[in-house]
Amino acid sequence: MEMMKSMPMGSMPMDMAAMQDCIQSLNACSMAATMCAGADMTETDMAKCTAMCSNMADMADATMRMMMRPAGMDMEVMNAMLMACMTMGKACAAECRMHADMAEHCRYCAMACEDMVAKCEALMA
C-alpha cells in the first residue's frame with residue numbers, strides 16, 4: 001500500500017485502502033480460479049467449470065495489473081473492466097457453487113469470486 005501511495009494518480013481521486021483491498025482480492029481470486037481450473041481438468045464433466053475458472057483467472061489478473069498502473073488509468077476503461085470482472089466473477093461463482101458440495105476447490109473458488117465482486121463494488125462506490 002505504501003508503494004501505491006507514492007505512485008502518481010493524475011487527476012483521479014482514489015480511495016487507496018479500497019484499491020489495495022480490491023487488488024488483493026483480485027489476486028486471491030486469480031489464484032483460486034487457477035487452482036480450481038487445474039483440479040477440474042482431472043475430473044470428468046467439468047469442462048464448463050474449467051473454462052469459467054480459466055477465464056476468471058485471466059480477467060482478475062488483467063484487472064489487477066491495470067489497477068497497478070494508476071498513472072495511466074482511464075476511469076471509463078477501468079470502470080468497464082471492473083464491471084466485466086464482476087460479471088465474470090458472479091458467473092464463475094455460480095458455476096463453482098454447483099460443485100461446491102463435492103469439490104473443495106470449487107467452494108474456495110466461489111468464495112474468492114464472491115469476495116472479489118464485493119471488493120470491486122466497494123471500490124466503485
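Given the structure is predicted, the values throughout are model-derived calculations rather than measurements. Computed from heavy atoms alone, side chains included, the values below leave out hydrogens, waters and symmetry copies.
Side-chain contact check for Cys29 versus Val117: every heavy-atom pair is 4.5 Å or farther apart. For the pair Met66 and Val77, the minimum side-chain heavy-atom distance is below 4.5 Å. Counting heavy atoms from C-beta on, the side chains of Cys85 and Leu26 come closer than 4.5 Å. Contact check for Met111 versus Arg97: side-chain heavy atoms found under the 4.5 Å cut-off.
Each of Glu76, Arg69, Met75 was compared with Met73 under the side chain to side chain contact (heavy atoms under 4.5 Å, CB included) criterion, and only Met75 meets it.
Cluster annotation: Met78 and Ile23 are assigned to the same hydrophobic cluster (Ile/Leu/Val/Met/Phe/Trp/Tyr, side-chain heavy-atom contacts under 4.5 Å, transitive). When the side chains of ILVMFWY residues are joined at heavy-atom separations under 4.5 Å, either directly or via intervening members, Met46 and Tyr108 end up in two distinct hydrophobic clusters. Cluster annotation: Met67 is connected to Met59 through the hydrophobic network of ILVMFWY side chains, with a link wherever side-chain heavy atoms come within less than 4.5 Å. Grouping the Ile, Leu, Val, Met, Phe, Trp and Tyr side chains by contacts below 4.5 angstrom, directly or via other members, places Met41 apart from Met56. Met68 and Met31 sit in two unconnected hydrophobic clusters of ILVMFWY residues. Membership requires side-chain heavy atoms under 4.5 Å apart, directly or through other members.
In this structure, CG on Asp40 lies 4.5 Å from SG on Cys106, to the nearest 0.5 angstrom. With rounding to the nearest 0.5 angstrom, the CG atom of Leu123 is 11.0 Å from the OG atom of Ser25. Within the model, atoms CE of Met64 and CG of Asn27 stand 4.5 Å from one another, a figure rounded to the nearest 0.5 Å. The distance from atom CE of Met88 to atom CE of Met116, rounded to the nearest 0.5 Å, is 9.0 Å. Atoms NE2 and OG1, from His105 and Thr42 in turn, are 6.5 Å apart once rounded to the nearest 0.5 Å. Expressed to the nearest 0.5 Å, how far CD of Glu95 lies from OG1 of Thr50 amounts to 9.0 Å.
A donor-acceptor contact closer than 3.5 angstrom is absent between the side chains of Asp61 and Ser30. Side-chain contact of His99 with Glu104: a donor-acceptor pair under 3.5 Å is absent, judged by distance alone.
A 6.0 Å sphere centred on CE of Met98 holds more than 12 heavy atoms belonging to other residues, nucleotides or ligands.
Scored by the salt bridge (charged side-chain N to carboxylate O under 4.0 Å, His left out) test, Asp21 finds no partners at all (sequence neighbours excluded).
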**OP:** Check the pair Met124, Met83 against side-chain contact (heavy atoms from CB on, under 4.5 Å), reporting the backbone distance first and the verdict last.
**Re:** CA-CA 9 Å; Met124 292 182 76; Met83 290 300 296; 3.7 Å; yes
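When all heavy atoms are compared, the tightest approach of Cys96 to Cys53 is SG-SG, 3.5 Å.
Looking at Glu114 and Lys90, no side-chain N of the basic residue comes within less than 4.0 Å of a carboxylate O on the acidic one, giving no salt bridge.
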